[in-house]
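What follows is one structure encoded as structure tokens, with my remarks underneath.
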Amino acid sequence: MKIAIWNVNSIKARLEHAQNWLAATQPDVLMLQELKGLEFPLDVFKAAGYEVVYKGQKAYNGVATLSRTPIALITDQLAGDDADEQSRYLETDINGMRLINIYLPNGNPVGTEKYSYKLAWMDRLYQRMKVLRDQDIPAIVGGDFNIIPEARDCYDPVGWSDDALFRLESRQKFRALLNLGYTDAFRVFNQQDAQYSFWDYTAGCWPANKGLRIDHFLTAPRYTDRLVDCVIDKGPRGLEKASDHTPVILTIGA
DNA sequence: ATGGCTTTATGCTAAAGA
């Protein structure tokens, strides 16, 4: 079973890329982040053979989960803050698998309410992932975590040391998720430096491979045991009018 | 190098992203 994640930075702007990539890659599930709109082009993806559950938002955020088999929506709200109106969370059940699509807040600039929102959001995610673990509901959490886990996941770790994506406080909260028993699936298969999923649009970052690894899959032990592969597909980032993120693909066996 | 691009919006400059 192939499960993919991709921050498309506007589904409207990336519609053609997404269609072409789906047709070429044929994942069973695709979890999209940063739709950047209230509407979602359902018809296009239904015609391609995918069921869609999504939660949009005007201008910002937005997540969608596409599947070739039926999707049941568990919740589109991350527990812990009823006043949170940002569309960043989609928890679904697909064939008995709990799949959670997240767009974790960026958090910059540090020291603002954006940063405290990020940290609080990570605490809420921790609580949810703990509840699922304690209730023996194995989950796969995938998406744009906006977290650089380690120095080898960043082209300039010193320069990024006080950024909300890499500062110690953020990384500690990411490690706390792992220490619940979840695994950063990519690192099961690849120990190399400079394996990035995002490259800034500004001049030279993509050709110079100045990137970040911030799009992740965290797997509960039951799924970690079944991991077959986890790869970054750099292809889409090299296209004209690309998203600044590229897809990551998880393969899981029976 | 001080975001050097890219996207969206009760839009034509500002805000957000990472």
Side-chain angles (χ1 to χ4, degrees), chain A residues 5-19 21 31-41 54-64 84-89 101-122 125 142-174 184 186 194-216 232 234 236-248:
Chain A
I5 50 174
W6 191 5
N7 176 324
V8 285
N9 184 21
S10 168
I11 188 59
K12 194 174 175 184
R14 230 63 61 199
L15 187 55
E16 211 169 315
H17 283 8
Q19 285 178 269
W21 187 83
M31 302 198 288
L32 300 171
Q33 300 84 39
E34 230 187 329
L35 306 175
K36 283 189 152 180
L38 200 53
E39 306 298 322
F40 187 87
Y54 75 100
K55 191 180 191 194
Q57 182 183 326
K58 187 165 61 178
Y60 304 115
N61 310 320
V63 283
D84 186 358
E85 294 187 336
Q86 299 191 29
S87 300
R88 299 178 173 275
Y89 188 87
N101 178 359
I102 69 163
Y103 176 43
L104 205 150
N106 175 301
N108 282 305
V110 169
T112 65
E113 71 290 339
K114 288 175 186 293
Y115 185 62
S116 48
Y117 174 68
K118 175 182 193 148
L119 297 182
W121 207 95
M122 293 188 80
L125 182 62
D144 179 356
F145 278 70
N146 272 316
I147 292 285
I148 302 162
E150 300 177 68
R152 60 178 168 166
D153 299 313
C154 179
Y155 69 95
D156 177 16
V158 173
W160 282 77
S161 59
D162 201 31
D163 190 280
L165 278 69
F166 190 56
R167 74 197 315 257
L168 183 58
E169 198 173 19
S170 307
R171 282 184 286 130
Q172 284 174 334
K173 291 196 183 294
F174 183 78
D184 179 352
F186 181 77
Q195 302 297 294
Y196 305 135
S197 64
F198 163 91
W199 297 259
D200 196 288
Y201 281 126
T202 53
C205 284
W206 166 246
N209 196 29
K210 292 182 176 177
L212 310 171
R213 190 174 73 90
I214 54 176
D215 300 273
H216 310 298
I232 297 168
K234 290 173 73 171
R237 185 61 183 83
L239 300 173
E240 287 296 315
K241 299 281 285 177
S243 169
D244 40 8
H245 297 249
T246 212
V248 183

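Every chain is numbered from 1, with letters handed out A, B, ... down the list of sequences.
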Between the protein and nucleotides 12-14 of chain B, are there any N/O to N/O pairs under 3.5 Å, and if so, what are the atom names and distances?
none

*asked:* Evaluate A:Asn209 against A:Trp199 for side chain to side chain donor-acceptor pair (under 3.5 Å), listing each step before the verdict.
replied: CA-CA 7 Å; A:Asn209 196 29; A:Trp199 297 259; 2.9 Å; yes
*With nearest nucleotides of DNA chain B determined for A:Pro105 and A:Arg14 from heavy-atom distances, which residue corresponds to the more 5′ nucleotide?*
A:Arg14
*What's the NZ-C1' distance between A:Lys210 and B:dC5, to the nearest Å?*
15 Å
_Given B:dT7, B:dG17, B:dG4, the nucleotide with the shortest approach to the side chain of A:Thr202_ = B:dG4
*Kindly write out the residues that satisfy ring pair (Phe, Tyr, Trp, His ring centres under 6.0 Å) with A:Tyr54, not counting sequence neighbours, or none if the list is empty.*
A:Phe40
_Qualifying residues under ring pair (Phe, Tyr, Trp, His ring centres under 6.0 Å), relative to A:Phe174, sequence neighbours excluded_ = A:Phe145, A:His216
_Measuring only the C1' atom in each nucleotide, how far is B:dC12 from B:dT7? A whole number of Å is fine._
15 Å
*Assign A:Asn7 to base, sugar-phosphate, or nothing according to its heavy-atom contacts below 4.0 angstrom with the strands shown.*
sugar-phosphate
*asked:* Once you apply a heavy-atom cut-off of 4.0 Å, does A:Asp215 come out as touching a base, just sugar-phosphate, or nothing?
replied: nothing
*Please state whether the phosphate of B:dC5, meaning OP1 or OP2, lies under 4.0 angstrom from any side-chain nitrogen or oxygen of A:Lys241.*
no
*asked:* Rounding to an integer number of angstrom, what distance separates B:dT10 and B:dC5 when you compare their P atoms?
replied: 26 Å
*asked:* If you only use heavy atoms from C-beta on, which nucleotide in B:dT6, B:dT8, B:dG4 is closest to the side chain of A:Ala203?
replied: B:dG4
*asked:* Under the rule for salt bridge (Lys or Arg N to Asp or Glu O under 4.0 Å), what residues qualify as partners of A:Asp163, not counting sequence neighbours?
replied: none
_Looking at every heavy atom in both A:Gln86 and A:Gln57, which two are closest together, and how far apart are they?_
CA-OE1, 3.2 Å
*Quick one: salt bridge (Lys or Arg N to Asp or Glu O under 4.0 Å) partners of A:Arg213, sequence neighbours excluded?*
A:Asp153, A:Asp184
*Specify the separation, in whole Å, of atom CG of A:Leu165 and atom P of B:dA16.*
16 Å
_Suppose you measure atom C1' in B:dA16 against the same atom in B:dG11; what distance do you get, rounded to whole Å?_
15 Å
*Taking only side-chain nitrogens and oxygens of A:Lys114, does any of them come within less than 4.0 Å of OP1 or OP2 of B:dA16?*
yes
*Could you pull out all residues at least two apart from A:Glu16 that satisfy salt bridge (Lys or Arg N to Asp or Glu O under 4.0 Å)?*
none
_Length of the CG-P vector between A:Leu38 and B:dT10, whole Å_ = 11 Å
*Would you mind reading off the distance between A:Leu35 atom CG and B:dT8 atom P, rounded to a whole angstrom?*
11 Å
*Choosing from B:dA9, B:dG17, B:dG4, which nucleotide comes nearest the side chain of A:Ala59?*
B:dA9
*Whole Å only: how far is the NZ atom of A:Lys58 from the P atom of B:dA9?*
8 Å
_Any base atoms under 4.0 Å from A:Tyr196, or only sugar-phosphate, or nothing? Heavy atoms, all strands._
nothing
_For B:dA16 and A:Lys36 - does any side-chain N or O of the residue sit under 4.0 Å from the phosphate oxygens OP1/OP2?_
no
*asked:* To the closest 0.5 Å, what do you measure between CD1 (A:Ile5) and CG (A:Asp215)?
replied: 5.5 Å
_For B:dT6 and A:Ser243 - does any side-chain N or O of the residue sit under 4.0 Å from the phosphate oxygens OP1/OP2?_
no
*A:Asn9 CG to B:dA15 C1': how many Å, rounded?*
14 Å
*Options B:dG17, B:dT10, B:dT8, nucleotide nearest the side-chain atoms of A:Tyr103*: B:dG17
*What's the CD-C1' distance between A:Glu113 and B:dA15, to the nearest Å?*
13 Å
_Roughly how many Å apart are B:dT13 and B:dA1, using the P atom of each and rounding to a whole number?_
31 Å
*A:Met122 versus A:Leu104: any side-chain heavy-atom pair under 4.5 Å?*
yes
*Distance, rounded to the nearest Å, where A:Asp244 contributes CG and B:dT6 contributes C1'*: 8 Å
